[in-house]
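Presented below is the structure to which this report refers.
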Amino acid sequence: MRFQFFLFLFLLFTLGGNAQNATTTEKPATKTLYDFSKSNLLHRVKELSSDVYEGRETGTSGATKAKKYVLFNFERLRIKPLGNIHFQPFPMPKETNIEQGVNIIGYIEGTEKANQYIVISAHYDHIGIIDGKIYNGADDDASGVSALFAIGEYLKKNPPKHSVILAAFDAEEKGLVGSQFFVDNPMVEKSQLKLNINMDMISRSKKNELYAVGPQHYKQLQPIIENTEKSGKVNLKIGHKEWTYASDHAGFHRAKIPFVYFGVEDHEDYHKHTDDYENIHPEFYADAVQTILNFFKKVDATNL
């Protein structure tokens, strides 16, 4: 009986100890942390890609509503204009039958290199209404514009070393007109523009792939991309050299200003009326924005 009693005590303490160890060593599930409000990010992309904005085609009433929405968010975040006002109007090519477009430009002064500028950009226009159907452009490019606000939200609380220009470009869908006008009329010395980070279609990927275009041309950026911390399941890839002139970064590249373009591959809703908020991938989107912000932090710490 004594042997059985001691055996019982031995098993009790041994199994109990193992159970306790299992409990104390078990790691809780990790939750992705963001440097911005994820709920605000999603709310803003949902709003900007709603039917209210009628597809945001340059020169239309929908574009005017979108312009006011972008301005509202800049002012709410207390992002100052680069000049006297946030608006940079520009003439449109005659063949478009549109009088003018309007870029919306914000500015955050750098703490150490105030005369060197990083331009972070996204285009707020899309292709409007075709055959009675509204092309809302949730991924293209309400996703980039909402990311612009999220990054602005972070930078207002964490001032950058370089000065940052937050550019919501117009008329990208009409031939990159707004961004080219900005490069030709940058409101600061062109030599002070050190880098363009352009975001166009960053909210959905079945493969969790986010591409960075630019390091193929500007080798100094490659190790920064390679060492950027990826958020969540984002697979950050350098590739698609053929996208060099695919979006608003093109004008910067022509002017020999380094750029990194972040985007996803074309999907089944690209330039279709089904590019709606319901079809974006919220987790991937938030992780993509955080990954882009992580890249910015690294590049801001370098000498451009």
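These numbers come from the heavy atoms of this one structure, side chains and all, not from hydrogens, waters or symmetry mates. If you're wondering where the values come from, they're calculated on a predicted model, not measured in any experiment.
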Any carboxylate oxygen within less than 4.0 angstrom of a Lys/Arg side-chain nitrogen, looking at [X] and [Y]?
| X | Y | value |
| --- | --- | --- |
| Lys297 | Asp35 | yes |
| Lys80 | Glu109 | no |
| Lys206 | Glu268 | yes |

- Item | Enclosure of Lys233 NZ (heavy-atom neighbours >12, cutoff 6.0 Å) |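 At most 12 heavy atoms, drawn from other residues, nucleotides or ligands, come within 6.0 Å of this atom.
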
- Neighbour count above 12 (heavy atom, 6.0 Å) for Glu95 CD: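 Yes, enclosed.
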
- Message: I want to check something: taking the side chain as every heavy atom from C-beta on, are Thr244 and His217 in contact at a cut-off of under 4.5 Å?
- Response: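 Side chain of Thr244 against side chain of His217, heavy atoms only: contact under 4.5 Å found.
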
- Query: Are any of the side-chain heavy atoms of Phe295 and Thr291 separated by less than 4.5 Å?
  - Reply: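 Of all side-chain heavy-atom pairs linking Thr291 with Phe295, none is under 4.5 Å.
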
Atom [atom1] of [X] and atom [atom2] of [Y]: how far apart are they, to the nearest 0.5 Å?
| X | Y | atom1 | atom2 | value |
| --- | --- | --- | --- | --- |
| Ser146 | Leu48 | OG | CG | 8.0 Å |
| Ile197 | Leu166 | CD1 | CG | 10.5 Å |
| Phe262 | Ile202 | CZ | CD1 | 9.5 Å |
| Ile134 | Ser50 | CD1 | OG | 8.5 Å |
| Asn208 | Asn235 | CG | CG | 8.0 Å |
| Leu293 | Ser231 | CG | OG | 10.0 Å |

Do we see a donor-acceptor contact under 3.5 Å between the side chains of [X] and [Y]?
| X | Y | value |
| --- | --- | --- |
| Glu47 | Tyr53 | yes |
| His281 | Ser203 | no |
| Asn196 | Ser121 | yes |
| Glu54 | Ser61 | yes |
| His162 | Asp300 | yes |
| Thr228 | Asn294 | no |
| Asn136 | Asp276 | yes |
| His253 | Tyr218 | yes |
| Asp140 | His271 | yes |

- Taking the six-membered ring of Phe87 (Phe, Tyr or Trp), confirm whether the NZ or CZ of Lys67 is under 6.0 Å from its centre and within 45° of its axis.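 So Lys67 does make the cation-pi contact.
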
- Task: Could you label the plane-to-plane angle of the His249 and Phe259 rings as parallel, tilted or perpendicular, counting under 30° as parallel and over 60° as perpendicular?
- Result: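 Parallel.
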
- Angle class for the Phe74/Phe149 ring planes (parallel below 30°, perpendicular above 60°, tilted otherwise)?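 Because their plane-to-plane angle is over 60°, the rings of Phe74 and Phe149 count as perpendicular.
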
- Query: Taking the six-membered ring for Trp, are the ring centroids of His126 and Tyr135 within less than 6.0 Å of each other?
  - Reply: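 His126 vs Tyr135: aromatic centres not under 6.0 Å.
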
- Message: Quick check on the 6.0 Å ring-centre criterion: do Phe169 and Phe182 meet it?
- Response: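 Yes, they do, as the ring centres are separated by less than 6.0 Å.
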
- Item | salt bridge (Lys or Arg N to Asp or Glu O under 4.0 Å) assessment of Glu278 paired with Lys46 | CA-CA 8 Å; Glu278 290 73 20; Lys46 183 176 183 180; 5.7 Å; no

- Where do Ala138 and Ile280 come nearest, in terms of heavy atoms and distance?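 Smallest interatomic distance, heavy atoms only, reads CB-CG2, 4.1 Å.
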
- Query: Under the side chain to side chain contact (heavy atoms under 4.5 Å, CB included) test, which residues partner Lys38, sequence neighbours left out?
  - Reply: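 Applying side chain to side chain contact (heavy atoms under 4.5 Å, CB included) to Lys38 gives Tyr34, Leu42, Glu283, Ala286.
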
- Item | Candidates Asp139, Asp269, Asp275, Asn279 - the one meeting side chain to side chain donor-acceptor pair (under 3.5 Å) with Arg204 |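 In the set Asp139, Asp269, Asp275, Asn279, the residue that makes a side chain to side chain donor-acceptor pair (under 3.5 Å) with Arg204 is Asp269.
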
